[in-house]
Each structure stands twice: as C-alpha cells, then as structure tokens.
Amino acid sequence: LDRLPQYHGLIIRSKYPIDRAFLCHAKKLRFIGRVGAGLENIDIEAVKSRNIQLINAPEGNRNAVGEHSLAMLLALMNRLPAGLASIRSGKWNREGHRGWELSGRTVGIIGYGNTGKSFAQKLSGFQVETLCYDILENISDAHARQVDLKTLQARCEIISLHVPQTESTQGMIDLKFIEKMRHPFWLLNTARGS
C-alpha cells in the first residue's frame, strides 16, 4: 500500500479485493485492467466514484469455457468418471455405466453472453434444441432461441449457467427453481464467482 500512491494504473490477474479502503491509497490511479472476465472482487461503485476506468476481458476465455461445458456435459451423460474408475479397479459393469445420448434433448442456457454463446455454438453440431434465457432482450441467434425462464424450466433437460456473480444470480438455482423444473435435469455450472 505504501507504493500504491505512485501508480497511474494497475493490471491485476488475481482475486485481490479492490475496495474503497484500497482505493484511498491510490491517489493517482486512472485505470484498472483485469486480465479475465470477473469483476466480483472489485468495488465497481467505488471505482466509478473516483473516475477510474475499469477494463476487463470478458471474451478472453469464451472458447475454453464453451469447450469445458461441452466436455462436462458429455462426461456426465456418458458416466465417464464412474466408468473410468471402474475400469481402473479392474471391473466393468456395462449396464451400470450405460449413459444417455445428447441427441433429441433440450438444452437451456442461462446467461447468453460470451461463454453461453460459445457453448451454444458447440452444441449446434449435435441434434439438440437449444434455448436461452438472459436479462437482455432480443439475443436469439442461429444457435439458441431466447425464451422466458418459465419456458426454459418446462422444456429443458439440461441447464447450463453462464452468468456473472451478482445479487440477482447468487443462489439462483435453489429449491424453488428446481421444483419448477418439469423434467429431471443435468446442471452445469461454469458461472462466475464464488
């Protein structure tokens, strides 16, 4: 903190908290660059009140998260972790490790920004229907059709979260949400934050 007053800019990679107390020491600070998407460790209101420019890279990991989401989904539906453990222990339970096919399923993506769109694009190679829900309107594209949350809960067998950590998203998937789902479902969570 004793060296902070000399800096005009910060580039951070970590989750180090940037709050009002921290900013009080940064008298010359004009910008903060976050190498990554998440801003949950930064007091955005405090930064704005000091006219400090805040820059992040929300698109930086979109492809990696899209691929990771697809990998998780295929691993879950095909019971790959259990099958691998079984084979390594010298056993094979063919029926116990029989999975489910993705083809014919309806996938719901909550949060249709950079990573949600990347996941939808990767799903387009499969024979699935992809629906999306987002707080922004008119975001449908060739890979997903935007619907309201009620429709998503009625139709989907797979839910994938791609949302930032905010007051409205914290605890979004709770008992009430689960009880409103018409079908048993797989849940993928690649959302931001803790």
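Everything quoted here is computed from the prediction, not taken from an experiment.
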Applying the 4.5 Å side-chain criterion to the ILVMFWY set and letting contacts propagate, would [X] and [Y] be lumped into a single cluster?
X: V147; Y: L187; result: yes
X: I42; Y: L4; result: yes
X: L80; Y: M72; result: no
X: I44; Y: Y16; result: yes
X: I18; Y: Y7; result: yes

Can you measure from [atom1] ([X]) to [atom2] ([Y]) and round to the nearest 0.5 angstrom?
X: L29; Y: N51; atom1: CG; atom2: CG; value: 11.5 Å
X: F31; Y: H8; atom1: CZ; atom2: NE2; value: 10.0 Å
X: L161; Y: N189; atom1: CG; atom2: CG; value: 5.0 Å
X: I158; Y: L76; atom1: CD1; atom2: CG; value: 9.5 Å
X: Y112; Y: T130; atom1: OH; atom2: OG1; value: 7.5 Å

Sub-3.5 Å donor-acceptor pair from the side chain of [X] to the main-chain atoms of [Y], do we have one?
X: E40; Y: P164; answer: no
X: N61; Y: A64; answer: no
X: R50; Y: A46; answer: no
X: S118; Y: T115; answer: no
X: S86; Y: A82; answer: no
X: E157; Y: F185; answer: no
X: N78; Y: G99; answer: no
X: D19; Y: D43; answer: no
X: D141; Y: A144; answer: yes

Can we say [X] and [Y] salt-bridge, meaning some charged N sits less than 4.0 Å from an Asp/Glu carboxylate O?
X: R98; Y: E95; result: yes
X: R145; Y: E129; result: yes
X: R20; Y: E45; result: no

Is the [atom1] atom of [X] crowded by more than 12 outside heavy atoms at less than 6.0 Å?
X: L149; atom1: CG; result: yes
X: H68; atom1: NE2; result: no
X: E101; atom1: CD; result: no
X: Q127; atom1: CD; result: no

Side chains of [X] and [Y], donor plus acceptor under 3.5 Å:
X: T169; Y: T166; value: yes
X: R62; Y: N114; value: yes
X: Q146; Y: S140; value: no
X: H162; Y: T190; value: yes

message = Minimum heavy-atom separation for V128 and L102, please, with both atom names.
response =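 Minimum heavy-atom contact is CG1-O, 3.3 Å.
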
Any side-chain heavy atom of [X] sitting closer than 4.5 Å to one from [Y]?
X: V35; Y: I12; result: no
X: I87; Y: W92; result: yes
X: L152; Y: I159; result: yes
X: K122; Y: E67; result: yes
X: L74; Y: F126; result: yes
X: C156; Y: L131; result: yes

